[in-house]
Student: 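Let me begin by handing over the structure; questions about it come next.
Please read all numbers here as calculations on a predicted model, not as lab measurements. Counting from 1, the numbers follow the sequence of the chain as shown.
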Amino acid sequence: METNKFTRRQALQATAVIGTALLLPIDKVKAITLPPSKTPPITADEIAAIDAALGKKGSYKEAESVYTTPLPRNDLKMKIKGVPIPIPFGFGGWVSFKKTVDGKSAMVMSDTVLQMEEVNPLISAAHANGLEIAAIHNHFFYEEPRIFYMHIHGMGTVAELAKKYADTIRDSKLFPANQPAPSAPPAVTGKENFDIPALDAIVKYTGTVNGPTYKYTIGRADLKVIAMGVEMTTNIGLNTWASFAGKQDDAHIAGDVAMLQSEVNTVIKTLRAHNLEVVAVHNHMLGDDPHMIFLHYYGRGKATDLAQGFRAALDVLGKKPEKPMGGMKM
């Protein structure tokens with residue numbers, strides 16, 4: 001039995017809420033509460049079409065109706081300040097597919113890991129295949145070689161988008177067939193490199209071991225963000241994350257914080273108070289409502305100290321800011 005009918009009363013309530021939000025200053029606009037809805041699932045046939053186009057299997061998150069294929073740059077040998085860094089630390093791209101809430105269309109959303117000379121050829125390929133560029137930016141300081149991240153998106157059917165995206169990356173190192181064969185799993189993983197129970201106790205979440213690294217990925221359950229009719233959730237790019245590399249007593253941390261505009265400077269202040277470096281502040285998406293800003297950060301030190309800085313940034317999210325945005329009069 002269908003339980004999510006959108007009644008006339010709910011429609012009037014939603015219209016009133018949206019109309020009120022349009023009158024608010026931008027720093028006061030929060031996620032608008034809409035009647036409950038559920039995104040239609042990606043079907044088995046659509047998953048098969050994605051796998052066939054990319055030549056690689058991904059994973060399906062049923063709770064979010066998102067299908068994601070990882071696109072790591074295993075061809076690269078990365079260093080930060082001259083120290084070798086594993087690719088899972090933050091040099092793995094991805095592409096995700098999700099339908100609009102009404103099921104009439106679907107979105108492809110991707111974060112690509114590129115060397116400088118690869119950026120503009122991929123822009124041209126994306127446009128030639130009917131896809132759009134949402135953002136181009138850095139995620140790191142001090143890395144060798146220099147890396148940029150380009151977000152690509154598009155709308156259409158799942159099968160159409162899979163073909164367009166595969167054609168876009170086919171001649172690049174991003175395409176799975178152009179990547180080196182997977183190496184043997186590391187003998188020492190993040191489980192041995194870090195005191196995971198101690199980190200989990202600080203962060204208050206459970207992370208994931210990914211090769212020699214340990215990573216937290218945390219969504220914004222307090223927000224409902226819609227972009228072009230698609231509910232943006234954790235596995236299609238609306239998340240805050242922290243990745244640890246190195247060892248417990250000499251660790252690197254890098255990550256991303258997904259913020260409302262009113263949260264940006266409080267997060268920056270908090271990270272700096274914990275000696276974490278702010279690397280970039282920018283958008284990842286176009287057409288998202290409320291508009292989300294993403295902050296990338298980096299630090300090095302004891303893993304527990306780094307985790308405390310990350311936790312402090314998490315504590316800022318979802319709280320009323322101390323002052324109006326920027327503390328400035330317009």
Side-chain angles (χ1 to χ4, degrees), residues 54 56 68-96 108-127 131-153 165 168-180 182-183 186 190 210-217 236-237 239-246 251-258 271 276-286 293-300 306 310:
L54 293 173
K56 181 178 182 178
T68 302
T69 303
L71 300 170
R73 286 298 301 265
N74 293 321
D75 58 304
L76 299 175
K77 304 296 183 186
M78 297 305 306
K79 294 182 178 180
I80 293 180
K81 291 186 176 181
V83 178
I85 294 292
I87 294 302
F89 182 58
F91 302 98
W94 50 268
V95 58
S96 291
V108 62
M109 178 70 74
S110 177
D111 194 5
T112 56
V113 179
L114 303 167
Q115 295 189 74
M116 289 185 289
E117 62 271 18
E118 297 171 327
V119 171
N120 279 279
L122 194 65
I123 292 174
S124 297
H127 283 168
L131 301 179
E132 296 183 333
I133 310 306
I136 302 170
H137 45 238
N138 65 300
H139 284 192
F140 287 91
F141 289 155
Y142 319 118
E143 83 278 17
E144 303 169 42
R146 192 80 170 109
I147 296 295
F148 285 83
Y149 295 75
M150 186 161 78
H151 294 260
I152 299 173
H153 71 188
Y165 188 79
T168 295
I169 68 170
R170 194 175 307 281
D171 295 330
S172 73
K173 291 290 187 180
L174 301 172
F175 196 65
N178 299 336
Q179 279 289 300
S183 56
N210 189 356
T213 69
Y214 190 59
K215 183 178 182 179
Y216 297 96
T217 304
I236 198 166
N239 60 66
T240 294
W241 59 270
S243 185
F244 291 82
H252 302 259
I253 189 174
D256 201 354
V257 184
L271 291 171
L276 295 177
E277 295 188 52
V278 175
V279 173
V281 179
H282 47 233
N283 68 290
H284 283 183
M285 299 174 280
L286 299 177
I293 304 296
F294 294 80
L295 178 151
H296 292 267
Y297 63 91
Y298 169 79
R300 187 170 182 182
L306 301 175
F310 177 58

Student: For a 4.5 angstrom cut-off between non-hydrogen side-chain atoms, does Gln179 reach Asp75?
Tutor: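 Side chain of Gln179 against side chain of Asp75, heavy atoms only: contact under 4.5 Å found.
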Student: If you look at every heavy atom in Ala245 and Thr213, which pair is closest and at what distance?
Tutor: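 Of all heavy-atom pairs spanning Ala245 and Thr213, the closest is CB-CG2, 4.3 Å.
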Student: Does any part of the side chain of Arg146, heavy atoms only, come nearer than 4.5 Å to the side chain of Asn138, both counted from C-beta?
Tutor: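 With C-beta onward as the side chain, the pair touches.
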Student: What verdict does the side-chain contact (heavy atoms from CB on, under 4.5 Å) test give for Tyr297 and Val257, after you've listed the backbone C-alpha separation in whole Å, the side-chain angles of each residue and the deciding distance to 0.1 Å?
Tutor: CA-CA 8 Å; Tyr297 63 91; Val257 184; 4.0 Å; yes
Student: Are there more than 12 heavy atoms of other residues, nucleotides or ligands under 6.0 Å from atom NZ of Lys173?
Tutor: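 Open: at most 12 neighbouring heavy atoms sit under 6.0 Å from NZ of Lys173.
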Student: Please report the closest heavy-atom contact between Lys56 and Pro70, naming both atoms and the distance.
Tutor: NZ-O, 2.8 Å
Student: Mark yes or no for whether Asn178, through its side chain, and Arg170, through its backbone, hold a donor-acceptor pair below 3.5 Å.
Tutor: yes
Student: On the 0 to 90° scale, with breaks at 30° and 60°, tag the His284-Phe294 ring pair as parallel, tilted or perpendicular.
Tutor: parallel
Student: Quick one: are the ring centres of Phe89 and Phe244 less than 6.0 Å apart?
Tutor: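 Not close enough - the centres of the two rings lie 6.0 Å or further apart.
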Student: Does the pair Gln115 and Ile147 meet the rule for a side-chain contact (heavy atoms from CB on, under 4.5 Å), with working shown?
Tutor: CA-CA 5 Å; Gln115 295 189 74; Ile147 296 295; 4.0 Å; yes
Student: To the nearest 0.5 Å, what is the distance between NE2 on His252 and CD1 on Ile80?
Tutor: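 One finds 6.5 Å between NE2 of His252 and CD1 of Ile80.
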Student: Judged by atom type as modelled, is there a donor-acceptor pair below 3.5 Å linking the side chain of Asn210 to the main-chain atoms of Pro88?
Tutor: no
Student: To check you understand the geometry: which heavy-atom pair defines the closest contact between Ile169 and Phe175, and what is its length?
Tutor: O-CB, 3.4 Å
Student: With side-chain contact (heavy atoms from CB on, under 4.5 Å) as the test, would you mind laying out the steps for Asp256 and Asn239 before giving the verdict?
Tutor: CA-CA 8 Å; Asp256 201 354; Asn239 60 66; 5.5 Å; no
Student: Say you draw a straight line from CD of Glu144 to CZ of Phe140; how long is it, rounded to the nearest 0.5 Å?
Tutor: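 Interatomic distance, Glu144 CD to Phe140 CZ, rounded to 0.5 Å: 13.5 Å.
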Student: Return the minimal non-hydrogen interatomic distance between Phe91 and Ile85, and the atom names on each side.
Tutor: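 That closest heavy-atom pairing would be CE1-CG2, 4.1 Å.
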Student: State, without any angle test, whether His137 and His151 hold a side-chain donor-acceptor pair at a distance under 3.5 Å.
Tutor: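 Yes - a donor-acceptor pair under 3.5 Å links their side chains.
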Student: Do you know the tightest heavy-atom contact between Val95 and Leu71?
Tutor: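 Residues Val95 and Leu71, closest heavy atoms: CG1-CD1, 4.0 Å.
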Student: Got a second to check how far Tyr149's OH is from His139's NE2, nearest 0.5 Å?
Tutor: 6.0 Å
Student: List the steps and the verdict of side-chain hydrogen bond (donor to acceptor under 3.5 Å, both in side chains) for Ser243 and Tyr214.
Tutor: CA-CA 6 Å; Ser243 185; Tyr214 190 59; over 6 Å; no
Student: Would you tell me whether Ser110 and Tyr165 have side-chain atoms, one donor and one acceptor, within less than 3.5 Å of each other?
Tutor: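 Per modelled atom types, Ser110 and Tyr165 side chains form a pair under 3.5 Å.
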Student: Within the 4.5 Å heavy-atom criterion, are Met78 and Pro145 side-chain neighbours or not?
Tutor: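 They are in contact (side-chain heavy atoms under 4.5 Å apart), so the answer is yes.
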Student: Any non-hydrogen side-chain atom of Ile136 less than 4.5 Å from a side-chain atom of Ile123?
Tutor: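 Sidechains of Ile123 and Ile136: in contact.
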Student: Do the charged groups of Arg73 and Glu118 touch, with an N to O distance under 4.0 Å?
Tutor: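 A salt bridge links Arg73 with Glu118.
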Student: Please report the C-alpha distance between Val278 and His296 in whole Å, then the side-chain angles of each, then the deciding distance to 0.1 Å, and finally whether the side-chain contact (heavy atoms from CB on, under 4.5 Å) criterion is met.
Tutor: CA-CA 6 Å; Val278 175; His296 292 267; over 6 Å; no
Student: Nearest 0.5 Å please: distance from the CE atom of Met109 over to the CG atom of Leu286.
Tutor: 8.0 Å
Student: Under a 3.5 Å cutoff, is there a donor and acceptor pairing between the side chains of Glu143 and Tyr298?
Tutor: no
Student: Quick one: closest heavy-atom pair of Met285 and Asn283, and the distance?
Tutor: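 Heavy-atom minimum between the residues: O-ND2, 3.4 Å.
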Student: Which distance, rounded to the nearest 0.5 Å, do you find between the NE2 of His282 and the CD1 of Ile293?
Tutor: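 The CD1 atom of Ile293 is 9.0 Å from NE2 of His282, to the nearest 0.5 Å.
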Student: Below 4.5 Å, heavy atoms only, C-beta onward: do Phe310 and Ile253 meet side chain to side chain?
Tutor: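 Yes. Closest side-chain heavy atoms under 4.5 Å.
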Student: Output the distance between atom OH (Tyr216) and atom CH2 (Trp241), rounded to the nearest 0.5 Å.
Tutor: 14.0 Å
